[in-house]
Each structure stands twice: as structure tokens, then as C-alpha cells.
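Working notes, structure below.
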Amino acid sequence: MTGERLKKILLPLAFWLGVWWLCALLVGKDLILPAPASVAVRLWSLLPDPGFWWAVGASIGRVLAGFCLGSLLGVGLGALTAVSPWGDALLSPALRAVRTVPVVSLILLLFFSLPTHQVPTVVSALMVLPVVWRATRQGIAAADPRLLELADHYRLGLWRKLRLVYCPAALSALASGWETALGLCWKSGVAAEVLCQPKWGAGSQLQAAKAYLDAPGLFAWTVVLILLSLGMEWFLRLFLRAWRGGGKV
């Protein structure tokens, strides 16, 4: 990492930490707005606790499972609605409806029919599904008509046409869709944990901190969630960059 890039990261971080510290100083009550130092001490106290790592691991597992499930369904349904008029007519309205339903409504509806530890995964998948579906559908629709004409000229079968023409066209749109979907997936999964309170989960710890009026703990878990989200987005970008470098995207 170059010095210039390091400055671009550290200077804004220092500025906003300073703003946070000043606001905490003006408020003067840890219960309302704890200082950065109080949050750092609380976060440091969480690290040796095995329960902290169980909660973090459980949340990551649920979010990743929901992301993978939603991506698989989104790609499949996106391809189906792109190539089949009947599939488009039947499925597109339902997928658009899923995209517009508030997250809280989905969580509460699923809460009555699923075990609490499964609700965050399903909610995350439902948040990813319409984003990936739309990206896949748009990517396939953007396939070069000249390549399609060439494929028809050489009488390529549907499978080879999908692999050689439609998939390369959809992958660029999918890369953007995945980056958007991951953020939604993480937020919705944690929100579901807050409401459903599974035994292990970062969202459950947020709810517990709120119930015990542990403001430094609430802020500490929020910092953990932000760092985890940024880390997952970084890994996704790294994967997509490597994929592009290999000529696949």
C-alpha cells in the first residue's frame, strides 16, 4: 500500500473519529453516546470471549449461505425469464414484488413458519434473489446480436450458445449485481437476527446490548458488523478482480 493511499484511508478515519470524540464530549453521557475510547475498551474485552467468535462465525455463515442461495436462484431464474416469454410473464411480477416488500415484513412473515436460526439465511437469500435475477436478465438481454446470428449460422446447440454467448454477456452485469447484493444481504441478515434472536449471532448480541443499556457494547458490535461487511466486500472485489484478470469477466 502506497503512502498516498494510506493517507486517503487514515486522514478521513482520524477526522471522523475526532468528530465522534468531540460529540461524545459535548453529550457527556456514555449511555447516549460513548466515546471512541470506551467503545475500543469494550471491543477489546469481547475478543477473548469464545462466545464472541461463535456469534461472528454464525452470522457470517448465515449471510454467506443466503448470498449463495440467492445468487444461484437469481442466476437460474434470470436465465429462464430472459429466454422464455412464459417464464418471464409468470415469474417476473413475483420477483419484482419480493424486491419491494419491506425487510421487516419478510422477517416477521418467515418468523412464524421457520426456525429462528434459519430466518436470517432465508431473508438474506430473498434480498439477493431479485438483484441477481435482474442483473442476469439484463446481461443476457445485452448479448451481442451478431454473435447470436453467428451461433445460429453454425447451428450451435442451446448449451453451447449459453456457454459461449449468453454467459460472457451476463457476467459483467452479474459482477455489479453481486457487489450490490452483498451489502443488502448483510444488512437484512443482521436485522433478522436482531428480531429473531437465534442463540448465536451478532444481531442477537446487538439486541442483548440494547436490552441491558450497554451503549459501548452496542457501538462495539456495530463496529464489528461494519468491519465484517467491509471485509466481505473486499474479498468479493478481490475475487471478481481475479476473475476479470483471468478473462472470465
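Positions are given from 1, in the same order as the sequence printed here. In this text the structure is predicted, and so the values were computed from the model without any measurement.
Counting all heavy atoms, side chain and backbone alike, Gly203 lies closest to Val194 at O-CG2, 3.5 Å. Closest approach of Ala35 and Ala24 over heavy atoms only: CA-CB, 3.7 Å. Residue Ser124 comes nearest to Gly189 through the heavy atom pair OG-CA, 3.3 Å, listed as atom of the first residue, atom of the second, then distance. Of all heavy-atom pairs spanning Gly201 and Ala58, the tightest one is N-CB, 4.5 Å.
Within the 4.5 Å cutoff, no side-chain heavy atoms of Thr116 are placed close to those of Gln197. In this structure the side chain of Val19 reaches within 4.5 angstrom of the side chain of Phe15, judged on heavy atoms. Cys23 is listed as a side-chain neighbour of Leu33, based on a closest heavy-atom distance under 4.5 Å. Within the 4.5 Å cutoff, the side chain of Glu179 has heavy atoms near those of the Arg237 side chain. With contacts defined as side-chain heavy-atom distances shorter than 4.5 Å, the pair Leu106/Met127 qualifies. In this structure, Trp178 and Val131 have side chains that are not in contact, with every pair of non-hydrogen atoms separated by 4.5 Å or more. Within the 4.5 Å cutoff, the side chain of Trp133 has no heavy atoms near those of the Leu91 side chain. Looking only at side-chain heavy atoms (C-beta outward), Phe67 and Leu184 stay at 4.5 Å or farther from each other.
Leu17 CG to Leu10 CG: the interatomic distance, rounded to the nearest 0.5 Å, is 10.5 Å. With values rounded to the nearest 0.5 angstrom, Arg134 atom CZ is found 16.0 Å from Leu77 atom CG. The CG atom of Leu182 sits 11.0 Å away from the NZ atom of Lys187 when rounded to the nearest 0.5 Å. Rounded to the nearest 0.5 angstrom, Thr100 OG1 and Leu95 CG are separated by 11.0 Å. Taking CH2 from Trp54 and CG from Asp49, the interatomic distance works out to 12.5 Å, rounded to the nearest 0.5 Å. In this structure, CH2 in Trp21 is found 9.0 Å from CG in Leu26, a value given to the nearest 0.5 Å.
With hydrophobic clusters built from ILVMFWY side chains whose heavy atoms lie under 4.5 angstrom apart, Ile226 does not share a cluster with Trp234. The cluster map of Ile, Leu, Val, Met, Phe, Trp and Tyr, joined by side-chain heavy atoms under 4.5 Å apart, puts Val98 and Val132 in different clusters.
A side-chain donor-acceptor contact under 3.5 Å links Trp186 to the backbone of Leu225. The main-chain N or O of Trp53 is never found under 3.5 Å from a side-chain atom of Trp200 such that the two would form a donor-acceptor pair. Proximity of a side-chain donor or acceptor of Thr121 to a complementary backbone N or O of Ala65 within less than 3.5 Å is not detected. At least one donor-acceptor pair under 3.5 Å links the side chain of Ser188 to the backbone N or O of Cys185.
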side-chain contact (heavy atoms from CB on, under 4.5 Å) for Val190 and Ser59? Distances and angles first, verdict last. CA-CA 7 Å; Val190 173; Ser59 293; 5.5 Å; no
Applying side-chain contact (heavy atoms from CB on, under 4.5 Å), run through Glu193 and Gln207 and close with a yes or a no. CA-CA 9 Å; Glu193 287 182 345; Gln207 180 66 15; over 6 Å; no
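Every residue meeting the side chain to side chain contact (heavy atoms under 4.5 Å, CB included) condition with Ser105, not counting sequence neighbours, appears here in chain and number order: Val101, Pro102.
Judged purely by distance below 3.5 Å, without hydrogens or angles, the side chains of Ser45 and Arg42 pair a donor atom with an acceptor atom.
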